[in-house]
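Right, one structure below, let's go through it.
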Protein chains: 2
Amino acid sequence: MSRRDDVHAALREAPGFLSAQDIYARIRSGGTPIGLATVYRLLQAMAAQGQVDVVRSGDGEATYRLCRSTAHHHHLVCRACGRAEELDADVVERWAQAVAEEHGFTAVDHVVEIIGTCARCAPDD
Amino acid sequence: MSRRDDVHAALREAPGFLSAQDIYARIRSGGTPIGLATVYRLLQAMAAQGQVDVVRSGDGEATYRLCRSTAHHHHLVCRACGRAEELDADVVERWAQAVAEEHGFTAVDHVVEIIGTCARCAPDD
DNA sequence: CTATATGCAAAAAGTTTGCATCTCC
DNA sequence: GGAGATGCAAACTTTTTGCATATAG
């Protein structure tokens, strides 16, 4: 079995986004002696093929997540438990497109991440 | 004069976002012997005080820009020339809030970046 | 003199690359 | 035997920290 599968499995089992180092740690915890370099190489390849989403965390770390669909979508992530849901954001798509065009921009792409505390993790629940 | 002013000036004169290293280089080019560490320290402080926006570029580098307003806003960035415009995104604010609530999320925060090619940089202009 | 600001260089953190090995064909 | 995959360690890049000096009050 290739390491590609290990990375894929780690991502599949994750609740939200994982950093390369997280994935590395998870796979090794599972008893598979993978190397950090391999994880990065695989992640790059998967990102290039559009198999995973890449989002830079606030502290400069890249985090990855399996794309459920190749279609464009956004995420709603719980800051406490890391649970993430993919959202189909038609409104935002159109808004982004419109605003960009107003300013003369083309080939528009965008990143939208909504971070919140989910019901389960809310302090005053 | 404090180095804070040098950094502020560098940002003020910049067309778009500058990385810490850019700022460092610019100030030194101007003849002022500032240190990289000072630039980072100042930038951190300014960001903490909400004086500058911080946006992570695709390759993990943080870029900074003076905030025109302290209110929440988003950016429209040209992927070619780096020119960025601040947007007031009422639609998105509300959408994010609504979607999050639908999923039972609270304390919602969000990140919205629109990247495109501006008219000036469009290939088939 | 004490506190803050600053610079230099070393240290961290995250990521990439070089190179040898190992496997599959 | 050769191509591609993999692991380890070294190299790199960006950012942070330690420490000594300089400056302000």
Side-chain angles (χ1 to χ4, degrees), chain A residues 1-12 14 16-66 77 82 111 113, chain B residues 1-12 14 16-66 75 77 79 82 84 111 113 115:
Chain A
M1 175 162 65
S2 70
R3 295 286 158 261
R4 210 181 313 22
D5 296 318
D6 294 314
V7 171
H8 197 276
L11 285 166
R12 197 169 338 108
F17 284 86
L18 292 179
S19 68
Q21 321 249 354
D22 286 338
I23 295 169
Y24 169 71
R26 272 168 175 257
I27 297 176
R28 291 190 76 110
S29 297
T32 306
I34 198 173
L36 227 201
T38 302
V39 174
Y40 276 106
R41 277 190 284 241
L42 257 17
L43 248 13
Q44 280 185 331
M46 292 168 84
Q49 290 165 33
Q51 287 172 35
V52 298
D53 288 327
V54 187
V55 175
R56 293 263 165 195
S57 70
D59 55 314
E61 210 180 13
T63 57
Y64 305 82
R65 208 196 114 134
L66 238 44
V77 188
V111 178
E113 293 295 327
Chain B
M1 174 162 64
S2 69
R3 298 285 92 119
R4 210 183 310 23
D5 295 318
D6 294 314
V7 171
H8 198 276
L11 285 165
R12 196 167 340 105
F17 283 87
L18 292 181
S19 68
Q21 321 251 354
D22 285 339
I23 296 168
Y24 169 71
R26 271 167 175 259
I27 297 176
R28 290 191 76 109
S29 297
T32 306
I34 197 172
L36 227 201
T38 304
V39 174
Y40 277 107
R41 276 190 284 241
L42 258 15
L43 248 13
Q44 280 185 329
M46 292 169 84
Q49 290 166 34
Q51 287 172 35
V52 298
D53 288 328
V54 188
V55 175
R56 294 264 164 194
S57 70
D59 55 314
E61 207 181 15
T63 57
Y64 305 81
R65 205 194 116 133
L66 242 42
H75 300 110
V77 188
R79 82 180 93 234
V111 178
E113 292 295 328
I115 298 105

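Each chain gets a letter, A, B and so on, in the order its sequence line appears, and its residues count up from 1.
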Separation between [atom1] of [X] and [atom2] of [Y], rounded to the nearest 0.5 Å:
| X | Y | atom1 | atom2 | answer |
| --- | --- | --- | --- | --- |
| L43(B) | T38(B) | CG | OG1 | 11.0 Å |
| L42(A) | D5(A) | CG | CG | 9.0 Å |
| Y64(A) | Q51(A) | OH | CD | 13.5 Å |
| R65(A) | I23(A) | CZ | CD1 | 12.0 Å |
| R3(B) | T32(B) | CZ | OG1 | 5.5 Å |

Rounding to an integer number of Å, can you tell me how far [X] [atom1] sits from [N] [atom2]?
| X | N | atom1 | atom2 | answer |
| --- | --- | --- | --- | --- |
| L43(B) | dT6(C) | CG | C1' | 15 Å |
| I34(A) | dA5(D) | CD1 | P | 13 Å |
| L42(B) | dT6(C) | CG | C1' | 10 Å |
| Y24(B) | dT13(D) | OH | C1' | 15 Å |

Taking the side chain as C-beta and beyond, is there a heavy-atom pair between R28(A) and I34(A) under 4.5 Å?
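They are in side-chain contact.
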4.5 Å side-chain heavy-atom contact, M46(A) and L11(A):
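Yes, close enough: below the 4.5 Å cut-off.
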For [X], enumerate each residue passing the side-chain contact (heavy atoms from CB on, under 4.5 Å) test, keeping only those at least two apart in sequence or located in another chain.
| X | answer |
| --- | --- |
| A47(B) | V52(B), V54(B) |
| A37(A) | R41(A) |
| L36(A) | Q21(A), Y24(A), Y40(A) |

Nucleotide-resolved protein contact map, nucleotides 15-25 of chain D, B/S/- at heavy-atom distance under 4.0 Å:
BBBB-------
Reckon T38(A) has a side-chain N or O less than 4.0 Å from the OP1 or OP2 of dG7(D)?
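Checking T38(A) against dG7(D): at least one side-chain N or O falls below 4.0 Å of OP1 or OP2.
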Determine whether H8(A) and R4(A) satisfy the following criterion, side chain to side chain donor-acceptor pair (under 3.5 Å), listing intermediate values before the conclusion.
CA-CA 6 Å; H8(A) 197 276; R4(A) 210 181 313 22; over 6 Å; no
Might you list the N or O atoms of the protein lying below 3.5 Å from N or O atoms in nucleotides 20-25 of chain C, with each pair's distance?
none

Terminal axes of the helix from dC1(C)-dG25(D) to dC25(C)-dG1(D) (five pairs each): angle between them, nearest 10 degrees:
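Terminal axis comparison yields 0°.
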By nearest nucleotide on DNA chain C, pick out whichever of R28(B) and R4(B) is the more 5' one.
R4(B)
